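Taking it in order: structure first as structure tokens, then the write-up.
Everything numeric in this text was worked out from a predicted model, so none of it was measured. Both ligands and their constituent atoms are indexed starting at 1 by order of listing.
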Amino acid sequence: MTQQPRPQPGYANPLQAPGTDEGHWRAWDGWDKLPDLELPASGRVVAVAAHPDDEVLGAGGTLAVLAARGVSITVVCVTDAERSHTDGEDREDGGAAGRRRADGLRESLRELGAGSADIVRLAVPGSEVAFREDEVIAALDPLMRGAALCLAPWIGDVDGDHEAAGRAALAATRTASVRCLMYPVSMWHWARPDDPRVPWSSALRVRLPDTALARKKAAVERLTGRIGAPGPARQDTAGPLPGEIAHHLRRIEVVFA
Ligand SMILES: [Zn+2]
């Protein structure tokens with residue numbers, strides 16, 4: 001059971017409240033205490049994303065490292081949703097922007113050096129992953145067979161779609177006896193370094209070499225360029241906001257075992 005963050009005054013949804021400044025995270029002295037994750041050197045890795053680009057934000061540098069090693073990558077995009085992590089709401093706009101994000105997935109992967117990755121789109125409607133978990137598990141099951149590793153959204157990320165996609169990936173990887181590591185995306189926004197809800201004892205870090213970090217920055221730039229042409233209303237700013245993007249441009253990525 002995920003414990004929900006306490007709402008900040010005036011904000012019913014913690015994802016809408018002002019987030020933790022990246023300066024707090026950069027100043028944290030806990031980074032050095034996290035063990036390094038040993039990444040596979042061959043085989044196939046399945047990266048599950050609840051929304052297009054989750055995998056770039058949460059694990060893009062890790063994917064760049066894997067791609068550079070020649071590891072095959074399968075990206076499973078559970079929804080095509082146009083979704084703002086900070087708004088916590090899906091928008092009904094005919095789905096055009098969502099399709100743009102999903103179509104742009106290939107561009108982001110190319111920036112990561114993973115342009116040849118297989119992309120599987122499950123097209124579950126945004127915000128509905130939790131209601132269709134069984135369907136997602138069934139779709140993931142055959143993809144997990146023989147995989148060397150699965151990277152999936154963290155089941156405590158306080159985003160319904162992230163958590164449900166993570167649970168589905170956990171179930172499918174258990175059946176296939178594949179290791180599943182979960183990457184946070186929204187956590188960097190709502191948590192602080194000393195937040196007791198963050199399971200630091202199971203955290204592993206991936207220190208990104210310069211090349212992987214540069215690739216991730218290019219991929220993030222690509223996705224913010226793609227989704228960063230907002231309409232007249234605040235809610236038209238799709239995807240993560242600049243302050244949130246800063247969390248995803250660090251030299252270290254974190255996954256929970
Ligand atoms: Zn997401």
Between Asp54 (side chain only) and His51 (backbone N and O only), is there a donor and an acceptor less than 3.5 Å apart? yes
OG of Ser42 to CG of Leu66: how many Å apart, nearest 0.5 Å? 10.5 Å
Please name the atom of His51, restricted to N, O or S, that is closest to the Zn ion (ligand 1). ND1
I'd like the atom name of the N/O/S atom in His162 lying closest to the Zn ion (ligand 1). NE2
The Zn ion (ligand 1) and Asp54: any N/O/S contact shorter than 2.8 Å? yes
Can you find a heavy atom in the side chain of Glu111 that is under 4.5 Å from one in the side chain of Lys217? no
Students often mix this up, so state it plainly: with edges at 30° and 60°, are the rings of Trp25 and Trp188 parallel, tilted or perpendicular? perpendicular
